[in-house]
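Since the structure is predicted, the reported quantities are computational estimates derived from the model, not experimental observations.
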Amino acid sequence: MYEGNYIRLRLFCGDIRQLPDETISQVEGGVPVSLKVIERSRHTTLLMITYLFEDEERRPDLKVQIYHDSRQADVVSRNCRITGRDIRLWEKQFDNVLLCRWRLNRFLYKWLGYLEHQGHSFKVDK
């Protein structure tokens, strides 16, 4: 799953290391999508990807950690989106946390495919 997310993000963004700090993808008839680079280091990049709805509500607000050396991408958002509560390892059973993270990463994989199908792209050389 993590490798699949990395591949889709590369197709969606091109060279992730070359992304501007913040960019918006707009397609005709679609909701704008914002991509913001939160942190950059030699081996990782932390992104925030979200829709920009007219009412200024931002969802799904996914934080995605990109691991360049292992070519993986992992959703690291604290909010589970299933229960609406923050994930706290000391409050939940380990299986529930793994299930939640799996669902978030599966959602990212499907969402990136949907955005690509709509024509969204963050490639610098559009």
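- We find the NZ-CG distance between Lys110 and Leu115 to be 14.0 Å, quoted to the nearest 0.5 Å.
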Q | Audit row: Ile49, Lys63, side chain to side chain contact (heavy atoms under 4.5 Å, CB included) steps and yes/no | A | CA-CA 7 Å; Ile49 306 172; Lys63 286 184 184 175; over 6 Å; no
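- In this structure, Cys13 and Leu35 approach most closely via the heavy-atom pair SG-CD1, 3.8 Å.
- For the atom pair CG of Asp74 and CG of Leu108, the computed distance is 9.5 Å after rounding to the nearest 0.5 Å.
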Q | Intermediate values then yes/no, side chain to side chain contact (heavy atoms under 4.5 Å, CB included), Tyr67 and His43 | A | CA-CA 6 Å; Tyr67 302 94; His43 300 288; over 6 Å; no
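- Residues Thr50 and Val33 fail the side-chain proximity criterion, which asks for heavy atoms closer than 4.5 Å.
- Side-chain contact between Val64 and Leu46 is absent, with no heavy atoms from C-beta onward closer than 4.5 Å.
- Looking at residues two or more places apart in sequence or on another chain, you find a side-chain hydrogen bond (donor to acceptor under 3.5 Å, both in side chains) between Gln65 and Thr44.
- Nearest heavy-atom pair across Leu52 and Val31 is O-CG1, 3.7 Å.
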**Q.** Stepwise side chain to side chain contact (heavy atoms under 4.5 Å, CB included) test for Leu47 and Leu19
**A.** CA-CA 10 Å; Leu47 307 174; Leu19 286 171; 4.2 Å; yes
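- Side-chain atoms of Leu9 and Leu112, non-hydrogen and from C-beta on, do get closer than 4.5 Å to each other.
- Considering all non-hydrogen atoms of both residues, Pro32 and Gln26 come closest at CG-OE1, 2.8 Å.
- The aromatic ring centroids of Trp111 and Phe12 lie 6.0 Å or more from each other.
- The CE atom of Met48 sits 9.0 Å away from the OG atom of Ser34 when rounded to the nearest 0.5 Å.
- Rounded to the nearest 0.5 angstrom, Gln72 CD and Glu3 CD are separated by 7.5 Å.
- By the 4.0 Å N-to-carboxylate-O rule, Asp15 lies too far from Arg10 to be salt-bridged with it.
- For the atom pair CD1 (Ile66) and CZ (Arg40), the distance works out to 11.5 Å, reported to the nearest 0.5 Å.
- Closest heavy-atom contact between Lys123 and Leu11: CE-O, 2.7 Å.
- The two residues Ser121 and Ser25 make their nearest non-hydrogen contact at N-OG, 3.2 Å.
- In the hydrophobic cluster analysis, where Ile, Leu, Val, Met, Phe, Trp and Tyr join through side-chain heavy atoms closer than 4.5 angstrom, Tyr2 is grouped apart from Tyr6.
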Q: Begin with the C-alpha distance, continue with both residues' side-chain angles, and end with the deciding distance and a verdict on salt bridge (Lys or Arg N to Asp or Glu O under 4.0 Å) for Arg42 and Asp69.
A: CA-CA 9 Å; Arg42 184 174 178 195; Asp69 51 350; over 6 Å; no
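- In plain terms, the two heavy atoms of His68 and Thr45 that are nearest each other are NE2-OG1, 2.7 Å.
- In Arg106, the CZ atom is not crowded: 12 or fewer heavy atoms of neighbouring residues, nucleotides or ligands sit closer than 6.0 Å.
- With 3.5 Å as the limit, one finds a donor-acceptor pair spanning the side chains of Asn105 and Asn5.
- No path of Ile, Leu, Val, Met, Phe, Trp and Tyr side chains, each step under 4.5 Å between heavy atoms, connects Leu62 with Ile7, placing them in separate hydrophobic clusters.
- Atom CZ of Arg71 is surrounded by 12 or fewer heavy atoms from other residues, nucleotides or ligands within 6.0 Å.
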